[in-house]
Amino acid sequence: MCGRFVSREQAAIEREYNIRVLNPFERVYNAAPSMQLPVIRRAAGGEREALSLRWGLIPHWWSRPGLPTSTINARSEEAASKPMWRSAVRHTRCLVPALGWYEWKVTPEGKVPYFIHAPAMAGLCFAGLWSEWRNPSGDMQPSFAILTRAASRQMTAVHDRMPVVLPEADWAEWLSDWPADHTQRLAEKVDNSLSEFEFYAVSRYVNAPRNQGERCIEPAAA
DNA sequence: CCAGACGTTGTT
DNA sequence: GTCTGG
DNA sequence: CCAGACGTTGTT
DNA sequence: GTCTGG
């Protein structure tokens with residue numbers, strides 16, 4: 001699955017998504033659930049906008065005392081039909097720019113974190129969903145989730161789940177209007193998602209979300 | 001009909 | 001063991 | 001995802 | 001809001 005990743009900085013987002021970004025996004029080397037992280041969505045006027053949302057989707061009907069804790073990922077196999085996700089699959093999809101993500105491989109010696117990325121450290125784009133929730137104070141709280149799928153043959157070496165990574169050719173359609181057939185369109189985008197990456201073990205330094213910086217993606221000592 | 005859940009992963 | 005916070 | 005907290009009463 | 005369970 002995808003419970004930790006490396007976000008992208010302002011310049012990279014402007015360059016790769018062909019948009020103007022006003023917020024000075026910094027690269028977050030250890031992006032963790034509940035953090036505010038940059039995503040790209042279609043604004044009311046139809047143009048793309050980049051803004052920070054809370055990672056961990058809060059549906060608009062949420063009314064329990066705490067915030068939901070298991071909504072950082074949405075299973076792509078079922079999201080189109082589930083009450084928690086269906087509306088977002090239909091109407092509020094987003095792109096989540098990333099340099100790569102982390103998975104913890106289970107070994108006899110314990111869990112070992114790996115950093116997974118595109119060749120040449122090119123940027124990646126996760127398929128995301130967003131939502132807005134009005135908190136008890138009346139403020140609108142926007143949030144997002146990352147879609148997951150079964151690991152590709154290659155990625156099963158590390159873990160059995162992985163994020164849905166959209167090729168650039170599919171970004172525009174992901175953000176476009178989906179008036180019908182959202183189940184089939186989601187399935188098509190997942191089927192067409194990327195499955196080949198590069199990866200290497202990193203230090204357990206990344207385990208603690210308070211640890212940040214380039215050290216998170218340095219290869220682990222041999 | 002109303003009440004209550006609605007989510008993921010991993011582990012057992 | 002389980003929940004919350006980052 | 002992992003790390004870290006997890007509790008009360010009374011006093012300052 | 002919408003679906004499931006009783």
### Message
Considering every strand and a 4.0 Å limit on heavy-atom distances, what is the contact class for Trp85(A): base, sugar-phosphate, or nothing?
### Response
sugar-phosphate
### Task
Could you state whether Met84(A) and Val190(A) fall into the same hydrophobic cluster, counting links through intermediate Ile, Leu, Val, Met, Phe, Trp or Tyr residues with side-chain heavy atoms under 4.5 angstrom apart?
yes
### Query
Do Tyr29(A) and Glu214(A) touch side chain to side chain, with heavy atoms closer than 4.5 Å?
yes
### Query
Base, sugar-phosphate alone, or nothing: which one does Met35(A) contact when heavy atoms must sit under 4.0 Å apart?
nothing
### Query
Given dT9(B), dG7(B), dG6(C), which nucleotide is nearest the side-chain atoms of Lys82(A)?
dG7(B)
### Query
Counting only heavy atoms not in Glu188(A), do more than 12 sit closer than 6.0 Å to its CD atom?
yes
### Message
Please report the distance, rounded to the nearest Å, between CG in Leu147(A) and P in dT8(B).
### Response
10 Å
Let me have the donor-acceptor pairs involving side chains of residues 3-12 of chain A, under 3.5 Å, with sequence neighbours excluded, atom names and distances please.
| from | atom 1 | to | atom 2 | distance (Å) |
| --- | --- | --- | --- | --- |
| Arg4(A) | NH1 | Asn30(A) | OD1 | 3.0 |
| Arg4(A) | NH1 | Val206(A) | O | 3.0 |
| Arg4(A) | NH1 | Asn207(A) | O | 3.3 |
| Arg4(A) | NH2 | Asn207(A) | O | 3.0 |
| Ser7(A) | OG | Val28(A) | N | 2.9 |
| Arg8(A) | NH1 | Glu16(A) | OE1 | 3.0 |
| Arg8(A) | NH1 | Glu16(A) | OE2 | 2.4 |
| Glu9(A) | OE1 | Arg27(A) | NE | 3.1 |
| Glu9(A) | OE2 | Arg27(A) | NH2 | 3.2 |
| Gln10(A) | NE2 | Val21(A) | O | 2.8 |

### Query
Think Arg161(A) has a side-chain N or O under 4.0 angstrom from the OP1 or OP2 of dT9(B)?
yes
### Message
What does the 5'-to-3' dot-bracket notation of DNA chain B look like when only Watson-Crick and G-U wobble pairs under 3.5 Å count, and pairs to other strands show as |?
### Response
||||||......
### Query
Between Glu77(A) (CD) and dG7(B) (C1'), how many Å, whole number?
14 Å
### Message
With a 4.0 Å cutoff (strictly under), does any side-chain N or O of Thr148(A) reach OP1 or OP2 of dT9(B)?
### Response
yes
What donor-acceptor contacts under 3.5 angstrom involve side-chain atoms of residues 72-83 of chain A, with partners at least two apart or in another chain?
| from | atom 1 | to | atom 2 | distance (Å) |
| --- | --- | --- | --- | --- |
| Asn73(A) | ND2 | Cys2(A) | O | 3.1 |
| Asn73(A) | ND2 | Ile146(A) | O | 3.4 |
| Arg75(A) | NE | Glu78(A) | OE1 | 3.4 |
| Ser76(A) | OG | Thr148(A) | O | 2.6 |
| Glu77(A) | OE1 | Arg161(A) | NH2 | 3.1 |
| Glu77(A) | OE2 | Arg161(A) | NH1 | 2.6 |
| Glu77(A) | OE2 | Arg161(A) | NH2 | 3.3 |
| Ser81(A) | OG | Glu78(A) | O | 3.1 |

### Query
How close or far is atom C1' of dC2(D) from atom CG of Asn73(A), stated in whole angstroms?
14 Å
#### Entry: Transitive ILVMFWY side-chain link Ile40(A) to Phe25(A), under 4.5 Å
yes
### P spacing across the pair dC1(D) / dT8(B), given as an integer number of angstrom
13 Å
### Query
So what does Ala208(A) touch, heavy atoms closer than 4.0 Å: a base, only the sugar-phosphate, or nothing?
sugar-phosphate
### Task
Can you tell me the distance, in whole Å, between the CD atom of Glu78(A) and the P atom of dT8(B)?
6 Å
### Message
Starting the side chain at C-beta, find the nucleotide from dG7(B), dT8(B), dG6(C) nearest to Pro33(A).
### Response
dG6(C)
### Message
Whether the side chain of Trp101(A) engages the backbone of Pro163(A) through a donor-acceptor N/O pair (distance < 3.5 Å, no angle test) should be reported.
### Response
no
### Task
Provide, to the nearest angstrom, the distance between the CD1 atom belonging to Ile58(A) and the P atom belonging to dG7(B).
16 Å
### Task
Test for a donor-acceptor pair under 3.5 Å between the base of dG7(B) and the side chain of Thr71(A), counting only N and O atoms.
no
### C1' gap between dG5(C) and dA5(B), integer Å
24 Å
### Query
dA3(D), dT9(B), dC6(B): which one has an atom nearest the side-chain heavy atoms of Trp61(A)?
dC6(B)
### Message
Under 4.0 Å from OP1 or OP2 of dC3(E): is there any side-chain N or O of Arg86(A) that close?
### Response
yes
### Task
Please list residues of residues 190-206 of chain A whose heavy atoms come under 4.0 Å from any atom in DNA chain D, ordered by number; otherwise none.
none
### Task
May I ask you to decide whether Arg185(A) forms a salt bridge with Glu173(A), counting only side-chain N to carboxylate O separations under 4.0 Å?
yes
### Query
Judged by atom type as modelled, is there a donor-acceptor pair below 3.5 Å linking the side chain of Lys105(A) to the main-chain atoms of Ala157(A)?
yes
### Message
Using the C1' atom as the point on both nucleotides, what is the distance between dT9(B) and dT2(C), in whole Å?
### Response
15 Å
### Task
Answer with base, sugar-phosphate or nothing: what part of the nucleic acid does Asp160(A) contact at a heavy-atom distance below 4.0 Å?
sugar-phosphate
### Task
May I ask you to decide if the ring planes of Trp55(A) and Phe144(A) are parallel, tilted or perpendicular, using 30° and 60° as cut-offs?
parallel
### Message
Angle between ring planes, Trp178(A) versus Trp174(A), binned at 30° and 60°: parallel, tilted or perpendicular?
### Response
perpendicular
### Query
Counting only N and O atoms by type, is there a donor-acceptor contact under 3.5 Å from the side chain of Arg64(A) to the main-chain atoms of Gly66(A)?
no
### Message
Whole angstroms only, please: what is the NE2-C1' distance between His60(A) and dT2(E)?
### Response
9 Å
### Query
How close or far is atom P of dG5(C) from atom CG of Leu67(A), stated in whole angstroms?
9 Å
### Task
Whole angstrom is fine here: how far is it from CG in Asn211(A) over to P in dA3(D)?
10 Å
#### Entry: Selected nucleotide, minimal atom distance to Pro68(A) side chain, candidates dG6(C), dC3(E), dG7(B)
dG7(B)
### Message
Just to be sure I understand the rule, does Ser87(A) reach a base, reach only the sugar-phosphate, or reach nothing, if contact means heavy atoms closer than 4.0 Å?
### Response
nothing
### Task
Using heavy atoms and a sub-4.0 Å distance, could you list which residues of residues 100-119 of chain A are near DNA chain D? By number, please.
Trp104(A), Lys111(A)
### Query
Should we count CZ of Arg204(A) as having more than 12 external heavy atoms under 6.0 Å?
yes
### Message
When the P atoms of dA3(B) and dT11(D) are compared, how many Å lie between them, rounded to an integer?
### Response
46 Å
Donor-acceptor contacts, no H, no angles, side chain residues 120-138 of chain A, under 3.5 Å, sequence neighbours left out:
| from | atom 1 | to | atom 2 | distance (Å) |
| --- | --- | --- | --- | --- |
| Ser131(A) | OG | Ile58(A) | O | 3.1 |
| Trp133(A) | NE1 | Trp62(A) | O | 2.8 |
| Arg134(A) | NH1 | Gly138(A) | O | 2.9 |
| Asn135(A) | OD1 | Ser137(A) | N | 2.9 |
| Asn135(A) | OD1 | Gly138(A) | N | 3.0 |
| Asn135(A) | OD1 | Asp139(A) | N | 2.9 |

## Note on the structure
Of the listed dC1(D), dT8(B), dT2(E), the closest approach to the Arg4(A) side chain comes from dC1(D)
